[in-house]
Amino acid sequence: AEIDPARVPEIPESTVPVYDDTELKKRYGVALLHEVNMHCPNDGCFKPLYLESPSMSSFDYNIVKINPRLDQDSKENMIALCPECARKFYFNRTPEMISRLEDIKLDLSLLTETSDKLSSEQIVAGVSKVIKKIALISADHVMNLNYEPSKVINKMDKTDVVLYFKIMQNVSGYYPDVESLFKQEEAEGNIDYKRFCDQIKWQYRDACGQGHSQTQIFDSLVDWLVGETNEPRTFCEVVVSFFVQKCEVFDEITK
C-alpha cells in the first residue's frame, strides 16, 4: 500500500550540535585517551577510540564536556568518547546522562590516582608476597581446567567499564611479572600452580552459580584472596586480573 504523505505527521527536524574539539585534543587528548584505556567508557559501548588497517592507524574519538554548569576548560569535566556516543550525548544531554558520565569520570580518575600512587616495583613486590602465601591456601575446592585463550574484552559484558579498565591496566602492566613469579615459586617447590588455577576456577564458578554480576564476581575473588593472604587489595586485584587473562575467570561471551 502506498503511503499518503499528507497523513504523515510533521516532526520538527533537529540537527546534532557540532563541537570543535581540535584544541582540546591538543591539550588533553593524550591524558584523556590514557584515562579510558583507548576505549569508549560509555555504558554498553567499549568501542576502541582508534581505527586500524594493515598500513595505518588513526585516533577516532571526541572530547566531551560533561557538565555545562561546571568549568568548561577543566580536564576534570571532560571525557573521551567514541564519535557516536559523543553525538548522542550532545543531542540529548539529560541530567541523568550528565550524572552517569560524572560517575564514570570519577571512577576512572580514582583508578588512575590509585595506580599513580604505587610504583611498578612496589606492585610487583606486593604481588610476590601474595603469591608466596598462596601455597598456604587449603585446597578444599578445585575444578579441572578446559579452556581456550581469549581476549579480555571478549569476556566483558560491558556493564562496568571501570572494571574492564582496571583489569586491562593490571594485565598490560604486570602479566609477565605475575607469570614469572608463579613459575619461580613453582620451580622452587613452594607452590602447586595447577592446583591453585583449579581453585581459582572453582571460586569463579561458585560465584557464577550465585547469579553475581561480573563486578561482584571479581570483587568476591579479590575478597577471598585478601582473606587468605592478608595482603593489600591492590596486589590481590593484580593476581585476579592475571587469571582473567588466563581464562580461569570469566568466559568468552558469544555474540
Side-chain angles (χ1 to χ4, degrees), residues 9-52 57-118 152-153 156-173 212-219 222 233-234 237 241 253:
E10 290 189 10
I11 301 175
E13 190 171 311
S14 178
T15 302
V16 178
V18 176
Y19 292 87
D20 185 359
D21 61 359
T22 304
E23 290 303 315
L24 294 179
K25 286 178 177 178
K26 291 179 182 178
R27 295 172 61 188
Y28 306 116
V30 172
L32 292 175
L33 286 171
H34 172 71
E35 180 181 68
V36 300
N37 198 35
M38 296 288 289
H39 283 76
C40 181
N42 204 24
D43 289 328
C45 188
F46 281 40
K47 289 178 184 175
L49 299 182
Y50 55 89
L51 300 173
E52 281 189 318
S57 63
S58 176
F59 293 125
D60 185 37
Y61 74 104
N62 286 117
I63 293 178
V64 165
K65 296 179 180 180
I66 302 172
N67 193 329
R69 301 177 63 181
L70 300 180
D71 185 354
Q72 293 294 285
D73 293 322
S74 170
K75 184 167 68 72
E76 303 309 312
N77 192 36
M78 300 176 189
I79 195 166
L81 299 180
C82 73
E84 182 180 0
C85 286
R87 286 195 301 271
K88 289 179 178 178
F89 179 74
Y90 278 137
F91 179 69
N92 183 31
R93 185 163 48 178
T94 65
E96 292 76 19
M97 294 171 68
I98 292 172
S99 177
R100 178 57 187 145
L101 265 192
E102 286 180 325
D103 287 343
I104 291 174
K105 174 71 178 185
L106 177 60
D107 288 341
L108 290 171
S109 298
L110 291 175
L111 179 60
T112 303
E113 181 181 340
T114 301
S115 174
D116 291 343
K117 283 182 178 178
L118 295 172
V152 171
I153 196 169
M156 307 304 293
D157 61 13
K158 301 182 181 180
T159 57
D160 187 345
V161 68
V162 177
L163 174 63
Y164 168 66
F165 291 154
K166 178 186 293 184
I167 292 171
M168 285 306 302
Q169 186 178 82
N170 290 336
V171 168
S172 61
H212 291 329
S213 67
Q214 287 192 328
T215 304
Q216 290 171 324
I217 290 171
F218 185 86
D219 287 343
V222 174
R233 189 174 189 83
T234 298
E237 286 179 344
S241 298
I253 296 174

For a quick test of reading the model, state the closest non-hydrogen atom pair linking [X] to [Y] and the distance between them.
X: V171; Y: S241; result: CG2-O, 3.5 Å
X: Q216; Y: H212; result: OE1-CA, 3.4 Å
X: A86; Y: V64; result: CB-CG2, 3.7 Å
X: M156; Y: I167; result: CE-CD1, 4.2 Å

For residues 99-110, which side-chain donor-acceptor pairs fall under 3.5 Å, sequence neighbours excluded?
from	atom 1	to	atom 2	distance (Å)
R100	NE	D43	OD1	3.4
R100	NE	D43	OD2	2.7
R100	NH2	D43	OD1	3.0
E102	OE2	N67	ND2	2.9
K105	NZ	E35	OE1	2.9
K105	NZ	E35	OE2	3.1
K105	NZ	K75	O	3.1
K105	NZ	M78	O	2.7
S109	OG	K105	O	2.9

(request) Would you please name every residue forming a ring pair (Phe, Tyr, Trp, His ring centres under 6.0 Å) with Y28, sequence neighbours left out? (result)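 Applying ring pair (Phe, Tyr, Trp, His ring centres under 6.0 Å) to Y28 gives none.
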
(message) Under the criterion side chain to side chain contact (heavy atoms under 4.5 Å, CB included), I'd like the reasoning laid out for E237 against F218: C-alpha separation, chi angles, the key distance, then a yes or no.
(response) CA-CA 8 Å; E237 286 179 344; F218 185 86; 4.1 Å; yes

Kindly indicate whether the side chain of [X], heavy atoms from C-beta on, has any atom under 4.5 Å from the side chain of [Y].
X: F59; Y: L49; value: no
X: C82; Y: N42; value: no
X: I79; Y: L32; value: no

(request) Enumerate the residue pairs fulfilling side-chain hydrogen bond (donor to acceptor under 3.5 Å, both in side chains) with a member in residues 57-66, sequence neighbours excluded, ordered by first and then second residue. (result) D21-N62

What is the distance from atom [atom1] of [X] to atom [atom2] of [Y], rounded to the nearest 0.5 Å?
X: F89; Y: T94; atom1: CZ; atom2: OG1; answer: 8.0 Å
X: Y50; Y: M38; atom1: OH; atom2: CE; answer: 6.5 Å
X: Q169; Y: Y164; atom1: CD; atom2: OH; answer: 12.0 Å

(message) So, using side-chain contact (heavy atoms from CB on, under 4.5 Å) as the criterion, who are the partners of T215 when residues are at least two apart?
(response) D160, L163, S213, D219

(message) Suppose we screen for salt bridge (Lys or Arg N to Asp or Glu O under 4.0 Å). Which residues come up paired with E23, at least two apart in sequence or across chains?
(response) K26

(message) Holding to salt bridge (Lys or Arg N to Asp or Glu O under 4.0 Å), I want the full list of residues that pass it with E84, two or more places apart in sequence or in another chain.
(response)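 With neighbours one apart ignored, the set is K47, K88.
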
(message) Main chain of N37, side chain of H39: is a donor-acceptor contact present, judged purely on distance under 3.5 Å?
(response)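 Checked: pair present.
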
